[in-house]
Every structure is written in C-alpha cells, then in structure tokens.
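So you know, we letter chains A, B, ... as the sequences are listed, proteins then strands, and number each from 1.
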Amino acid sequence: MTKADIVSALEEIAVLLELRGENPFKIRAYQTGARALETMEEDLDALLEADELGKVPGIGSALIEKIATLRTGGELPFLESLRDSVEPGLIEILEIPGLGAKRVRKMHEALGVDSIEALQAACESGAVAGIKGFGAKTAEKILSGIEQRAAYAKRHLWWQADAVARPILEGLRSLPQVKRAEIAGSLRRLKETVGDLDFVVAASEVEPVMEWFVSQAAVESVTAQGVTKSSVRFAGGLQADLRVVPEEQFAFALHHFTGSKEHNVALRQRALARGYSLSEWGLTQKDDAEAGPTGHGIENEAGLFEFLGLAEIPPELREGVGELEAAEGGALPDLLEPEMVKGVFHNHTDASDGRDTLEAMAAAAKELGFDYLGLADHSKASFQANGLDDVRVLKQLEKVRAYNASGSGGAHLFAGIECDILKDGSLDLEDATLAALDYVVVSVHSAFGIGEAEMTARVIRAIEHPSTTILGHPTGRLLLRREAYAIDLAKVIDAAIANGVIIEINANPQRLDLDWRMWRRAAERGLHCAINPDAHSTKGLEYYRAGVNIARKGWLPAAQILNCRDLAGVKRWLKERR
DNA sequence: GCCGTTTTCGGCCCGACTGTTTTCAGTCG
C-alpha cells in the first residue's frame with residue numbers, strides 16, 4: 001500500500017469507530033495519526049526500517065503496528081472486522097451536512113435507515129421527525145442536504161476561491177461600521193484547496209454588517225444567522241462564514257478562525273501550560289476563571305504569539321507541523337515574496353498547445369515585471385498537444401535566439417522544452433537536440449497506471465539523463481480531479497539532489513505539484529526548486545503567484561529557488577549545469 | 001490511542017448555532 005492508501009485506511013478506521021460510538025479520543029487518535037502520516041516528510045520505509053516511526057508525534061505503538069502491516073501489503077483484521085460491523089451505507093449518510101455519527105446511529109437504530117434512499121424515504125414519510133430529539137426542521141434540512149450533497153461536499157481551488165473572496169472582503173471593508181476585516185480559514189493559510197470562505201470583522205455595530213453579508217446578490221441561501229456568526233451559501237455550493245466581534249477580540253478571533261485546527265490545539269496547549277485558557281474571545285487566567293477571557297491588551301496576532309513566547313507565525317505556516325517549535329527557537333524561515341521572482345520557466349506557446357505567440361508571451365512576462373521567460377513547449381510524444389519533434393524544436397530555438405537579438409523590449413527568452421518521459425524512462429527527443437537547448441523540463445504525460453516501482457524507476461532514469469534540468473509536475477495530480485500516480489517521492493527527491501536536477505512547483509492552480517508538504521524536508525536535504533506557472537496563455541503567467549504561495553507554505557528559502565536569481569545568475573547557473 | 005519540567009494513569013481545545021427542548025445534545029469549525 002502507498003502512504004496515501006494507508007492514510008485513507010486510518011481515516012476509514014476513525015469514521016467506522018465514530019459510527020460505532022467508540023471513545024472520541026481514540027477516534028481523534030486515528031485522525032491525528034492519519035494526519036501525522038500524511039504531512040510527515042521523512043521516508044516511511046526508512047522510518048519503519050530504523051524503527052523510528054514512533055518519533056513522529058501522534059503515532060504510537062498501536063498505529064506503528066497497523067501502518068507496518070498495511071505497508072507490507074498485509075490485511076488488517078481490526079479494519080476488516082470494523083467494516084463488517086458497520087452498515088456501509090451509513091458512511092455515505094455521514095457526509096450529509098448537519099448529520100454526525102450520533103444522529104446517523106440513532107436513525108439506524110430507530111428506523112433501520114442504512115442508505116441515502118432509505119433516509120430520504122424516512123424523511124418524507126415523517127418517520128425521522130418522529131424520533132425523539134428530531135423534528136420537522138431536521139427532516140427538512142436532511143432532505144435539502146441529500147439533494148445538494150454533491151455540490152456541498154465539493155472543495156474549491158484556492159485560486160478560484162480567492163477570486164470570489166476578494167470582492168467580498170472589499171465590500172466588508174467599505175461598510176462604515178467595519179473597523180477591521182480579514183479573510184481567515186484555509187484561504188488565508190494558502191491551502192491548495194478551500195472548503196469554505198471565512199471572514200472575520202471588527203465592527204462598531206453587528207447588525208448592518210450581518211445584513212449586508214446575507215443579502216449579497218450571489219447568496220442563494222442563508223444557513224445560519226446569529227449574534228456573532230452568519231453563514232451563507234452561493235450558487236455552486238461554496239459556503240461563506242462571517243464572524244463579527246468587538247475590536248479588542250479581533251486578534252483572537254482572526255487567529256482562531258485562521259486555524260489550522262491542529263495549530264490551534266497546539267497553541268492552546270501551550271497557553272494552558274502557561275496558566276491560560278485560550279479561545280477566540282481571549283485569554284482566561286486559569287486560577288481566575290470567574291474573570292472570563294480578556295484581551296490582555298493584545299491588538300494583533302503578533303501580540304498574541306509574543307504573549308506566548310513565540311515569534312509571529314505567518315498564517316501559511318500554521319499547519320501543526322512544528323511551527324511552534326520553530327517560532328520558539330527563532331527558526332522560522334524567511335518567506336519568499338512575489339517581487340523576488342525574476343522570471344519563470346516551463347511555459348507554452350502556440351507552437352504546441354499554448355494560445356499565444358512567443359512574442360506575446362515575452363511581452364506579457366515583461367509586463368509582469370519578469371526579466372526572463374523560459375519557453376518549454378511539449379515534445380512530439382504529446383501528440384494531442386501538438387508536441388514538437390526535433391526539427392521543430394531546433395527551429396524554435398533559432399526563433400528564440402533571433403528574438404533575444406532583436407531588442408524587442410520583451411523579457412529575455414530561454415529556449416527549453418517540456419520533454420515527455422517515455423514509458424521506459426527514456427526521453428522523447430534526440431540527445432543532440434536536448435543538449436542544444438538552454439534547459440530541459442522532463443515530465444510524465446502518459447502511462448500513469450504502471451505501478452509505483454516502475455514509475456519511480458522511470459522518472460529516476462529521466463532525472464539521470466545528462467540534459468535534464470528540471471522535473472515537471474512530479475506526481476501528475478490534478479486537484480479535485482485526478483489523483484497523483486503511484487510514485488516513491490522520497491527516492492525521486494534523492495535522485496534529483498544527487499543529479500543536481502531541480503524539481504518544479506508547478507504553479508497551475510489545479511496542480512501545485514510538488515506539494516507543499518514535501519518541500520521543507522526536501523529543501524533541508526538540498527533540493528532546489530523552480531516555480532513554474534505552466535502557462536498556456538499570457539494570462540496563465542499570473543499563476544506564478546500560486547506557486548509563490550506553495551513555496552511559502554513549504555518553508556522554501558529563496559537561495560534554493562532558481563527564479564530568485566537575476567538574468568545573469570540564471571545564465572551562469574545553466575552554463576555551469578550543462 | 002497518544003502522551004508526560006506537575007502525570008506511565010488520567011487527562012485529551014473551546015465555543016457558537018440550531019433545533020429540540022424547558023436546560024441541552026449534536027454538529028461544526
């Protein structure tokens with residue numbers, strides 16, 4: 001089983017335990033364990049081999065045993081018997097918003113509800129409303145949840161969610177009652193996908209702000225409206241929450257609703273150890289609970305962190321992966337800023353499947369403030385993308401050289417290629433062609449299903465090709481659409497480091513590949529990075545900002561990002577490399 | 001099930017909103 005499969009198995013165990021009504025802390029332990037395994041940057045096999053998996057916080061002896069069994073392809077009797085003891089239909093029912101394990105169990109016990117269809121019938125017949133603790137409104141909500149569940153369960157790409165959120169934030173800030181307003185949640189943490197939008201506002205008056213929020217033109221339904229919180233749903237299923245708090249609580253609320261959950265738990269534990277209970281309302285001194293939470297004069301998040309003896313942790317690092325320890329020890333990274341990016345590699349023109357010409361791309365790059373632009377059209381194996389054969393590649397190379405010599409005013413062009421990694425790991429163009437170019441991006445675009453060992457060997461062979469400069473979108477995932485292919489990234493990263501090959505952050509909002517979770521450890525081991533928008537039009541160049549987000553989230557130091565070098569620096573680097 | 005400068009046993013983050021209730025359970029984040 002791959003690591004991702006094991007993570008799913010642990011998550012499944014947690015869900016099944018929940019449906020059985022078992023100890024909530026045990027359930028949480030499995031959720032924590034799954035999360036720890038998922039975000040762990042070390043190589044799983046190496047840790048198992050060295051008997052060091054237990055050093056990962058959240059993974060103890062019981063989980064080690066189960067993870068080891070699953071990794072070696074064994075059956076897990078514990079999971080099998082859990083599956084046998086829970087009606088499979090209940091898991092699906094659990095996904096309906098507003099229904100948790102307890103109510104799902106209650107309906108199962110009282111009415112024998114064991115599928116979405118049975119649930120719908122039971123709601124329509126009035127049977128659900130008759131259960132003690134349930135009522136007509138509950139049944140109604142369940143029915144609407146069933147109807148819309150596909151749309152409600154959907155997550156959204158960060159890039160798209162951000163585009164929805166920006167104007168709402170501006171709208172909030174323009175209200176006369178609003179003193180401060182920020183986006184919170186996973187959007188603020190720059191997660192690759194976003195479940196819903198969270199806004200936190202400090203205002204002199206609550207009601208007009210809430211009113212403005214719930215009556216926005218795009219709102220389809222209002223799902224909650226209280227004294228401090230309102231929730232709305234837009235067409236398409238995206239949900240947005242607004243919290244309005246007094247100004248002295250703004251820093252606490254903003255921090256709380258930014259999360260992550262894991263980060264908040266860790267910070268609250270730290271507060272408890274120092275004699276304070278921390279909540280979105282403030283800090284309560286433990287031996288003076290009567291007094292209630294107060295702001296302690298804290299005006300912003302930096303003040304909150306300082307109060308707890310920490311440097312300010314940027315939102316994108318708040319994932320519960322050791323950021324508190326780093327903030328305590330002065331080891332937080334200096335994060336990449338968009339202005340530090342001097343150019344990008346891996347972009348397409350109308351020579352293959354891009355929409356715009358070489359000249360238009362160079363001009364657009366200049367417009368964005370770039371000094372240089374790398375062109376990497378597809379190679380011939382990507383037939384569907386009008387990939388270039390050796391002759392066309394060399395022709396484009398001439399065109400690039402001529403453009404650079406013409407003094408046209410656009411960004412300096414580097415002549416590259418996105419060369420297909422064929423099924424056996426060989427490259428799609430002649431060695432002489434590849435050697436003539438400024439750089440070579442190698443990518444997998446075919447035979448995704450060949451299995452982990454074969455895929456790993458295939459990609460490593462491509463990395464070892466003397467002309468390879470950059471590995472493109474190393475897992476092939478399309479967020480919310482297609483899973484990554486099976487590949488041992490730890491081995492691929494090792495090979496890249498050993499061969500001086502860069503791995504890209506493919507900044508297309510649907511890819512964001514290599515994932516931020518991998519970068520911190522990989523960079524510590526010496527891996528270098530290139531941020532590449534994989535632009536297929538002039539507009540697509542703007543995606544580089546999504547790549548900057550991922551670099552920040554991955555703790556990547558600028559010194560290891562090729563795009564941070566100036567034109568002369570990149571020329572020098574490529575020359576030394578080739 | 002995990003974890004330990006107050007603990008190897010007994011804790012495990014904290015609060016808002018809803019719908020059902022006459023004080024609270026369930027869900028969510």
dG11(B) -> Watson-Crick or G-U wobble partner, both distances under 3.5 Å, gives dC2(B)
Any base atoms under 4.0 Å from Pro24(A), or only sugar-phosphate, or nothing? Heavy atoms, all strands.
nothing
When the P atoms of dT20(B) and dT27(B) are considered, how many whole Å apart are they?
13 Å
Which is true for Leu267(A) with a 4.0 Å heavy-atom rule: it touches a base, it touches only sugar-phosphate, or it touches nothing?
nothing
If you look at every strand shown and take non-hydrogen atoms under 4.0 Å, does Thr32(A) touch a base, only sugar-phosphate, or nothing?
nothing
I'd like to compare against my own output: the B/S/- annotation of nucleotides 9-20 of chain B with a strict under-4.0 Å heavy-atom distance to protein.
---BBBSSSSSS
Mutual orientation of the aromatic rings belonging to Phe199(A) and Phe213(A) [parallel < 30°, tilted 30-60°, perpendicular > 60°]:
perpendicular
Just by distance, with hydrogens left out, do His108(A) and Glu87(A) show a side-chain donor and acceptor under 3.5 Å apart?
no
Those residues at least two apart in sequence (or on a different chain) that pass side chain to side chain donor-acceptor pair (under 3.5 Å) with Arg155(A) are Thr193(A)
Assert: residue with more 5' nearest nucleotide on DNA chain B, out of Gly98(A) and Phe78(A), is Phe78(A)
Donor-acceptor contact present, side-chain Lys26(A) to main-chain Leu17(A), <3.5 Å
no
Please report the distance separating the C1' of dC17(B) from the corresponding atom of dT23(B), rounded so that it comes out in whole Å.
16 Å
Using 30° and 60° as the class limits, which term best fits the ring planes of Tyr543(A) and Trp159(A): parallel, tilted or perpendicular?
perpendicular
Using the C1' atom as the point on both nucleotides, what is the distance between dC14(B) and dT7(B), in whole Å?
23 Å
Kindly label the base of dT22(B) as syn or anti, based on whether its glycosidic torsion lies within 90° of 0.
anti
If I pick the P atom on dC13(B) and the same atom on dC3(B), what distance separates them, to the nearest angstrom?
14 Å
By the 4.0 Å heavy-atom rule, please label Leu99(A) as base, sugar-phosphate, or nothing.
sugar-phosphate
Does atom CD (Glu299(A)) have a neighbourhood of more than 12 heavy atoms from anything else shown, all under 6.0 Å?
no
